[in-house]
Amino acid sequence: MAIRLHDSLTRSLQELRRPDPTDPRDVFTFYNCGPTVYGPAHIGNFRTFVVNDVLRRLLELEYGPGKVKHVRNLTDVDDRTIGQAKKDQRSLAEITRKWTDLFHADCAALNCLPPHVEPTATGHIREQVDMIEVLMEKGNAYRAPDGSVYFKIASFPEYGALSRIKERELKVTNSAFDADHKDDIGDFALWKAYKPEEDGDVQWPGPRTAAAGRPGWHIECSAMIKRHLGETIDLHTGGVDLLFPHHENEIAQSQCCNGTIFARHWYHSEHLLVDGTTMSKSKGNYYTLGDLVQKDFDPLVVRLALLQGHPRKQQNFTLDSLHSADKALTTIHSYWQSLPLKADRATAFDAVFSALHDDLNFPAALGAFFTVINRGPSGVAKSDCEKVLFALGLGREPAKRPDRRIPDAITAFAEKRWAAKLAKDFATADALRKEIAAAGWSMLDRKDGYSLEPLKKA
RNA sequence: GGCGCGGUAGCCAAGUGGUAAGGCCGAGGUCUGCAAAACCUCUAUGCGUCGGUUCAAUUCCGACCCGCGCCUCCA
């Protein structure tokens, strides 16, 4: 069953290329623009990474193990990382290490598979400089008076094909234009000359004839892709906001440098919104995974919530959607656990996969999944269900909520209530239940005993 | 202004030229002293508004209203 995905360049549904199964060197090459590690990623960022994670899982299921190469970068040098290092009075490396570690922990909590390669911008300075030099030699780039290097978009007639931007509407003021020493407002930096007052000790030797400094943002992806995946890749993905200018610029750089098609397929996922608007640090209206875990939500619940909207549609994130996902996940897992090992209906979940393969239609896939669930476990094999759970990345038991020590007073109340209940003194038992609840705990009775759980926060 | 997306039950959300998947909430029920959990049943004659095409439109076309995103920080 072929995987079809919306392609941003042609704005149509296109089948993804299937690598030759008999040629071990022929793998599907997949690049996903990663985070800038200067602070905690918010769940809007994670929507994109979760969507890409499901995509990667589907590709591996479809093409077989070892037939997909997934690369996702870490942007560890740019205005924001440098700015954060300066603000915290730490080295750039310390700052990016710190936030990279958190990012990895969050990804693991969300059950995202690590990409096969996770290159960093600072680890590929040489590759970036090499590309810039080629672009300068070919006349696609020029040195500005301050020693920076800019890409000349006039040298690339196809510029704007992805974003359909032909004439740039000049919302930008002329002062910004002048300050950047560009020939044209649309030109963008490949290399930024070192500025002692801003850049601290962050600098590298530049391309020939250029000043020392650091790479511009866009060139890192072009260079890392070339290095790890080759000059032409099968799929390039990211959030919609990267479509312009980032991806447009990547195309310009790579195609001018390499003289070949850069990416066969472009895919962009839409934004997660909060209160009907994009979440951003400047608005302060964002949640991190940590925020939600503190509210007692399992990261896997967050993952399910992120899968409840179509990835190419904006999705409004609410705490309510988390409660909904929490219940739904419980149902999914209890169904999964109830399944027999063997079964006679191997095709039970076909509708789930066809929805997934049809442009990652998560809502339809989840709908199909629950339709199977509602039919009951009869005839459905655990292993088939596990394949679905693997694709969705929901296949592990929810992490135990952080065990909170049960206060002795609560234990005492519980013991008393249990005794009262056994003695059929229900009035006392009910009163004690209320006491326990008022203290923030919930007493769950079983046949032969009870357990205590903290009441969920709202 | 340019480019793009969306408006489907209380909330979220898929979808089709022939009269609406699924999840959450809610209601009722079974089961347990109660509570929780689990399981069963029920919940849109209607899909932003107004026109048009059609035997038939939520689905196609047009206009309009409303919301959101991007237009060089941004998943």
Side-chain angles (χ1 to χ4, degrees), chain A residues 8 11 32-36 38 41-52 75 78-80 83 153 160 163-172 176-177 180 182 185-189 217-218 237-246 248-249 268-273 276-282 304-305 308-310 312-318 320-332 334 338 351 355 358 361-374 376 417 421-422 424-427 429-430 433-434 436-437 442-447 450-451 453:
Chain A
S8 311
R11 299 194 180 184
N32 171 19
C33 278
T36 301
Y38 73 109
H42 56 61
I43 54 163
N45 300 316
F46 282 117
R47 159 130 111 147
T48 298
F49 299 128
V50 166
V51 167
N52 277 275
T75 297
D78 76 324
D79 292 348
R80 290 180 294 165
I153 62 166
S163 55
R164 317 267 159 125
I165 286 182
K166 294 199 171 72
E167 293 169 24
R168 211 132 290 99
E169 298 289 323
L170 302 183
K171 272 184 68 177
V172 182
F177 171 80
D180 278 356
K182 301 178 191 177
I185 191 79
D187 292 351
F188 57 91
W217 172 37
H218 315 295
T237 69
V240 266
D241 49 336
L242 298 183
L243 203 140
F244 184 85
H246 187 52
E248 197 73 74
N249 294 351
H268 294 92
S269 46
E270 258 295 350
H271 278 304
L272 192 68
L273 311 179
T277 181
T278 16
M279 61 184 79
S280 70
K281 304 253 163 100
S282 55
L304 213 212
Q308 279 179 334
H310 188 114
R312 288 200 302 107
K313 272 173 99 168
Q314 293 170 349
Q315 180 185 347
N316 197 26
F317 178 83
T318 59
D320 221 42
S321 68
L322 247 28
H323 287 114
S324 169
D326 198 350
K327 287 298 191 85
L329 191 62
T330 302
T331 303
I332 288 171
S334 89
S338 76
D358 181 19
N361 193 337
F362 299 148
L366 255 10
F369 192 15
F370 274 95
T371 300
V372 176
I373 289 174
N374 291 337
R417 197 194 77 89
K421 174 186 161 158
L422 292 182
K424 298 204 187 293
D425 177 3
F426 297 129
D430 288 351
R433 176 184 286 291
K434 277 184 188 164
I436 292 167
S442 164
M443 187 163 174
L444 305 178
D445 292 5
R446 289 189 315 271
K447 274 210 165 67
Y450 63 89
S451 59
E453 282 185 12

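Convention: sequence-line order gives letters A, B, ...; per-chain numbering from 1. Only this structure's heavy atoms are used, side chains among them; waters, hydrogens and symmetry mates stay out.
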Look at the side chain of Lys182(A) and the backbone N and O of Asp187(A), then say whether any donor-acceptor pair between them is shorter than 3.5 Å. yes
Taking the minimum atom-to-atom distance to the side chain of Lys421(A), which one of rA75(B), rG33(B), rA38(B) wins? rG33(B)
Of Glu270(A) and Ala325(A), whose nearest nucleotide on RNA chain B comes first from the 5' end? Ala325(A)
Distance col, row Thr48(A):OG1 vs Ile43(A):CD1, nearest 0.5 angstrom, shows 11.5 Å
Rounded off to whole Å, could you give me the CD1-to-C1' distance for the Ile373(A) and rA21(B) pair? 14 Å
Whichever of Gln308(A) and Leu366(A) has the more 5' nearest nucleotide on RNA chain B, that residue is Gln308(A)
Expressed as a whole number of angstroms, how long is the span from Leu329(A):CG to rC12(B):P? 21 Å
Please report, rounded to the nearest Å, how far the P atom of rA75(B) is from the CG atom of Asn45(A). 6 Å
NE2 of His310(A) to CZ of Phe362(A): how many Å apart, nearest 0.5 Å? 8.0 Å
Gln314(A) side chain: which of rG69(B), rU72(B), rA75(B) is closest? rG69(B)
Considering every strand and a 4.0 Å limit on heavy-atom distances, what is the contact class for Gly44(A): base, sugar-phosphate, or nothing? base
So, is Thr277(A) near the phosphate of rG69(B), with a side-chain N or O under 4.0 Å from OP1 or OP2? yes
Name the nucleic acid region contacted by Thr318(A), choosing base, sugar-phosphate or nothing; use a 4.0 angstrom heavy-atom cut-off, strictly under. nothing
How far, in whole Å, is rA13(B) from rA44(B) if one measures between their C1' atoms? 14 Å
Could you tell me whether Gly239(A) contacts a base, only the sugar-phosphate backbone, or nothing, with contacts defined as non-hydrogen atoms closer than 4.0 Å? sugar-phosphate
Side-chain N or O of Lys434(A) less than 4.0 angstrom from OP1 or OP2 on rA35(B)? no
What is the separation between atom CE on Met279(A) and atom C1' on rG69(B), rounded to the nearest whole Å? 14 Å
Taking atom P in both rU8(B) and rU59(B), compute the distance separating them and give it to the nearest angstrom. 14 Å
rA75(B), rC68(B), rG22(B): which one has an atom nearest the side-chain heavy atoms of Thr371(A)? rG22(B)
Counting heavy atoms from C-beta on, name the nucleotide in rA75(B), rG23(B), rG22(B) closest to the side chain of Ser324(A). rG23(B)
Selected nucleotide, minimal atom distance to His42(A) side chain, candidates rC39(B), rA14(B), rA75(B): rA75(B)
Between Arg11(A) and rG4(B), is there a contact of a side-chain N or O with OP1 or OP2 at under 4.0 Å? yes
Return the CZ to NE2 distance between Arg47(A) and His271(A), rounded to the nearest 0.5 Å. 9.5 Å
Atom CZ of Arg312(A) to atom C1' of rG15(B): distance rounded to whole Å? 15 Å
The side chain of Pro363(A) is closest to which nucleotide in this list: rG69(B), rA14(B), rC24(B)? rA14(B)
For Asn316(A) and rU8(B), give me the distance from atom CG to atom P, rounded to whole Å. 12 Å
Asp430(A) (side chain) and rG33(B) (base): donor-acceptor pair under 3.5 Å: yes
With a 3.5 Å distance limit and no angle check, can you tell me whether Gln308(A) reaches the backbone of Gln315(A) through a side-chain donor-acceptor pair? no
Does Arg433(A) get its side chain close enough to the base of rA35(B), under 3.5 Å, for a donor-acceptor pair? yes
rC47(B) pairs with, by Watson-Crick or G-U criteria that keep both distances under 3.5 Å: none
Scan every strand shown for a Watson-Crick or G-U wobble partner of rG4(B), both distances under 3.5 Å, and answer none if you come up empty. rC68(B)
Any side-chain N or O of Ser269(A) below 4.0 angstrom from OP1/OP2 of rA75(B)? no
Whom does rC31(B) pair with, Watson-Crick or G-U wobble, provided both distances fall under 3.5 Å? none
If I take atom CZ in residue Phe362(A) and atom P in nucleotide rG15(B), what distance separates them, rounded to the nearest angstrom? 13 Å
Select base, sugar-phosphate, or nothing to describe what Leu272(A) touches, counting heavy atoms under 4.0 Å on all strands. base
Nearest-Å distance, CD1 (Ile332(A)) to P (rG22(B))? 15 Å
Work out how far the P atom of rC24(B) is from that of rA37(B), and round it to whole angstrom. 12 Å
P spacing across the pair rC11(B) / rG4(B), given as an integer number of angstrom: 31 Å
Do any side-chain nitrogens or oxygens of Lys313(A) fall under 4.0 Å of OP1 or OP2 in rA13(B)? no
Could you label the plane-to-plane angle of the His218(A) and Phe188(A) rings as parallel, tilted or perpendicular, counting under 30° as parallel and over 60° as perpendicular? perpendicular
I'd like the C1' distance from rA57(B) over to rU16(B), given in whole Å. 10 Å
Minimum-distance nucleotide to Asp445(A) side chain [options: rC34(B), rC25(B), rA75(B)]: rC34(B)
Donor-acceptor contact present, side-chain Thr371(A) to main-chain Gly367(A), <3.5 Å: yes
Watson-Crick or G-U wobble partner of rA57(B), both distances under 3.5 Å: none
Does the aromatic ring of Phe426(A) sit over the six-membered base ring of rG33(B), closer than 5.5 Å centre to centre and tilted less than 30°? yes
Using only side-chain N and O atoms of Asn374(A), determine if any of them is under 4.0 Å from OP1 or OP2 of rA21(B). no
Separation between CD1 of Ile436(A) and CE of Met443(A), rounded to the nearest 0.5 Å: 5.5 Å
For rA37(B), the Watson-Crick or wobble partner whose two distances fall under 3.5 Å: none
Between rA75(B), rG15(B), rA21(B), spot the one nearest the side chain of Thr278(A), thanks. rA75(B)
Within the side chain of Asp326(A), is there an N or O that forms a donor-acceptor pair under 3.5 Å with the backbone of Leu322(A)? no
Between rU19(B) and rG28(B), how far apart are the two P atoms, rounded to whole Å? 34 Å
For the side chain of Asp320(A) and the base of rC25(B), is some donor closer than 3.5 Å to an acceptor across the two? no
Does Ala355(A) offer a backbone N or O that forms a donor-acceptor pair with the side chain of Asn361(A) under 3.5 Å? no
Roughly how far apart, to the nearest Å, are rG18(B) and rC55(B) at atom C1'? 10 Å
Looking only at side-chain atoms of Lys327(A), point me to the closest of rC25(B), rA75(B), rG22(B). rC25(B)
For nucleotides rU58(B) and rU32(B), find the distance between their C1' atoms and express it as a whole number of Å. 45 Å
Would you indicate which nucleotide in rA75(B), rU72(B), rG33(B) comes nearest to any side-chain atom of Phe244(A)? rU72(B)
